[in-house]
> 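Supplied in structure tokens, the structure appears directly below.
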Amino acid sequence: MPKPTSHSEPLSASPSEPIPASRLTVGSTHNASLAACYQCGKCSTGCPVASMADVLPHRIVRLVQLGLKRDPMGSEHIWNCTGCSTCSTRCPNQVPVAELMDHLKADALANLIPLGADAAKIAQFHVLFNKSVCKYGRQYELGTVRKLKSSRELLGQFKLGIKMLRRGKLRLRPTRIRDRKEVRELFRRAGMGK
Amino acid sequence: MTSFAYFPGCASEGSGREFADTMEVVIQALDHDLQEIPDWNCCGASSAHSVSEFLSLALPGRDLVKAEQMGLDVVAPCAACYSRLATAALELPRQRELEGEEPPDFRGGIKVVHPLKLLSTPEALAVVGSKLTRTLKDLPVVTYYGCLAVRPAAVTGVTGSELENPTMMDTVLELLGAEVIDWPHKTSCCGASQTLPKPLLARNLTLEIVDCAVASGAEAIVTGCPLCFLNLELQQVQAKTDGDREQQHIPVFYISELMALCMGIGDLKLAFENHLIPVDGPLDSRELTWR
Ligand code: SF4
Ligand code: SF4
């Protein structure tokens, strides 16, 4: 198993301090470095949430190239990102843009970067989701939804929640796997569990 | 007959029950054997990779190790599960080489297969064709693939024009006798899990897809992903409640439901009665009974 890395590394605090070349490679799925980006903007053009972006994807790539990682780590866009991978897929230089968004989110959480209200709601969702998996080994949808700050906006309409429950689309009780210890150990190694 | 290690995914126990149920019977009707991975755990979906790269590989890694012990390729119906498992299957053996760490338990001896690929091979189509008990009688539909069944290419192995214009479901639906309408949103994003923490973000994306489907003349949207399905239904219903849309309920089907319907297999009453948007319109008008 790979060791947990990004989230435990300290933030490169000074904006003038460039990130070492090795850190420019984000995940090895595409095995390409961010340095290949020539700012064509294709990633941002196809991004479904670009219209609401505070920092556009290609600018995020640029900032990280320049070692100014702190700015995008505090941006809302990395949290709005749906993980659709349109950016990575269309990039002419195989820059792993979508994977970069994940790294920035993990780093933002690990370094306690202050988040805006919307970003904080999305971060809360991911944390709750993970807690549920850590606890049961499976995702307990109702348990997670109930604790969400945003759940009222969605399921506030009581009727919809009831409809979902009646159709068995929301289970009342979680399913637990047998070997929960093994899963909890993975969370512990990721620095996220006890 | 091929045997697969089966990863049902958490949605199969709740929001996407009818998908898993019908997908299982369809895959079995194609003469494949599904053996559930014992004590499988959640793949981490979109949340593990948002907080920790390690978890995003370690969670599906535990499942892959079990599948490798079974000696079987994995089938995971949910696009998100598929994507996480396939990414880990690619990454884990590679990370071992790159970082020279302790060897991960997963050796990379098995593959992760998306069911849409399984259902659309020439052999599968031949079997489906031979088992049809009725057709969809030119039902006009659009196919909606969403993101993770096709992207990222390095994970899915999808190439060329199929990346922007996939045809796996189209081929199946044409065989079932549907009229498959060309439209621009086959691989647009529905907003995925953002529906929960940021509902309006997902609603904007989903309604654009729905509006376009209606404008294209389709009577139904066909998808192969439980999260896409959930968003397409939930956001339509909620948009009407909130007064965002006056009247616009286009039914959504899983590809596996329509296959089961035309092959005369599975419990479709259980599946269709679970839909938030009634399916009677397009089916009753063509005397495609399911009750
Ligand atoms: S598409 Fe690729 S090369 Fe173009 S701006 Fe985006 S990351 Fe850079
Ligand atoms: S993965 Fe994120 S950044 Fe890339 S196109 Fe999709 S939403 Fe935009």
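Keep in mind it's a predicted model, so treat the numbers as computed, not measured. The chains referred to below are lettered A, B, ... by the order of the sequence lines, with proteins before strands, and numbering in each begins at 1.
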> Taking the side chain as everything from C-beta on, heavy atoms only, tell me whether B:Leu201 gets closer than 4.5 Å to A:Thr82.
yes

> For the candidates A:Val49, A:Leu109, A:Thr86, A:Ile78, which exhibits the highest count of non-hydrogen atom pairs separated by less than 4.5 Å from chain B?
A:Thr86

> Tell me whether B:Arg245 at atom CZ has more than 12 heavy atoms from other residues, nucleotides or ligands lying less than 6.0 Å away.
yes

> Rounded to the nearest 0.5 Å, what separates atom NE2 in A:His103 from atom OG in B:Ser50?
11.5 Å

> Measure across A:Ala106 and B:Ser52 and return the closest heavy-atom pair with its distance rounded to 0.1 Å.
CB-N, 4.1 Å

> If you compare all heavy atoms of A:Trp79 against all heavy atoms of B:Gln194, which two are closest, and at what distance to 0.1 Å?
O-NE2, 2.7 Å

> Enter the distance from A:Arg138:CZ to B:Cys42:SG here, rounded to the nearest 0.5 Å.
9.0 Å

> Would you check if the side chain of B:Arg151 reaches a backbone N or O of A:Cys84 as a donor-acceptor pair within less than 3.5 Å?
yes

> Measuring from atom NZ of A:Lys121 to atom CG of B:Leu196, what distance do you get when rounded to the nearest 0.5 angstrom?
12.5 Å

> So which part of A:Ser51 gets closer than 4.5 Å to some heavy atom of chain B, the side chain, the backbone, both or neither?
neither

> Set out, in order, the CA-CA distance, both residues' side-chain angles and the distance that settles side-chain contact (heavy atoms from CB on, under 4.5 Å) for B:Trp40 and A:Ile177, then state yes or no.
CA-CA 7 Å; B:Trp40 56 270; A:Ile177 68 166; over 6 Å; no

> Any non-hydrogen side-chain atom of B:Ser47 less than 4.5 Å from a side-chain atom of A:Gln139?
no

> When rounded to the nearest 0.5 angstrom, what is the spacing between OG in B:Ser46 and NE2 in A:His126?
5.5 Å

> Show your reasoning for whether side-chain contact (heavy atoms from CB on, under 4.5 Å) applies to A:Val183 and B:Arg62.
CA-CA 8 Å; A:Val183 169; B:Arg62 180 179 174 272; 4.1 Å; yes

> Which region of B:Leu59, side chain (C-beta onward) or backbone (N, CA, C, O), has a non-hydrogen atom less than 4.5 Å from a non-hydrogen atom of chain A, or is it both or neither?
both

> Give a yes or no on this: more than 12 heavy atoms of other residues, nucleotides or ligands lie within 6.0 Å of atom CD of B:Glu36.
yes

> Report which part of B:Leu205 has an atom under 4.5 Å of a heavy atom belonging to chain A: side chain, backbone, both, or neither.
side chain

> Please rank B:Val237, B:Leu276, B:Asn204 by heavy-atom pairs under 4.5 Å with chain A and give me the top one.
B:Leu276

> Quick one: what part of A:Asp179 sits under 4.5 Å from any heavy atom of chain B, side chain, backbone, both or neither?
both

> A:Arg90 versus chain B, heavy atoms under 4.5 Å apart: side chain, backbone, both or neither?
side chain

> In terms of heavy-atom pairs under 4.5 Å with chain B, which of A:Asn80, A:Val127, A:Asp118 leads?
A:Asn80

> Thinking salt bridges, do B:Lys198 and A:Glu76 make one under a 4.0 Å N-O criterion?
yes

> Is it the side chain or the backbone of B:Ser193 that comes within 4.5 Å of chain A heavy atoms, both, or neither?
both

> For B:Glu273, which atoms come within 4.5 Å of any heavy atom of chain A: side chain, backbone, both, or neither?
backbone

> I need the B:Asn41 CG to A:Arg178 CZ distance, nearest 0.5 Å.
12.0 Å

> How close do B:Leu148 and A:Gly83 get, counting heavy atoms only, and between which atoms?
CD2-O, 4.0 Å

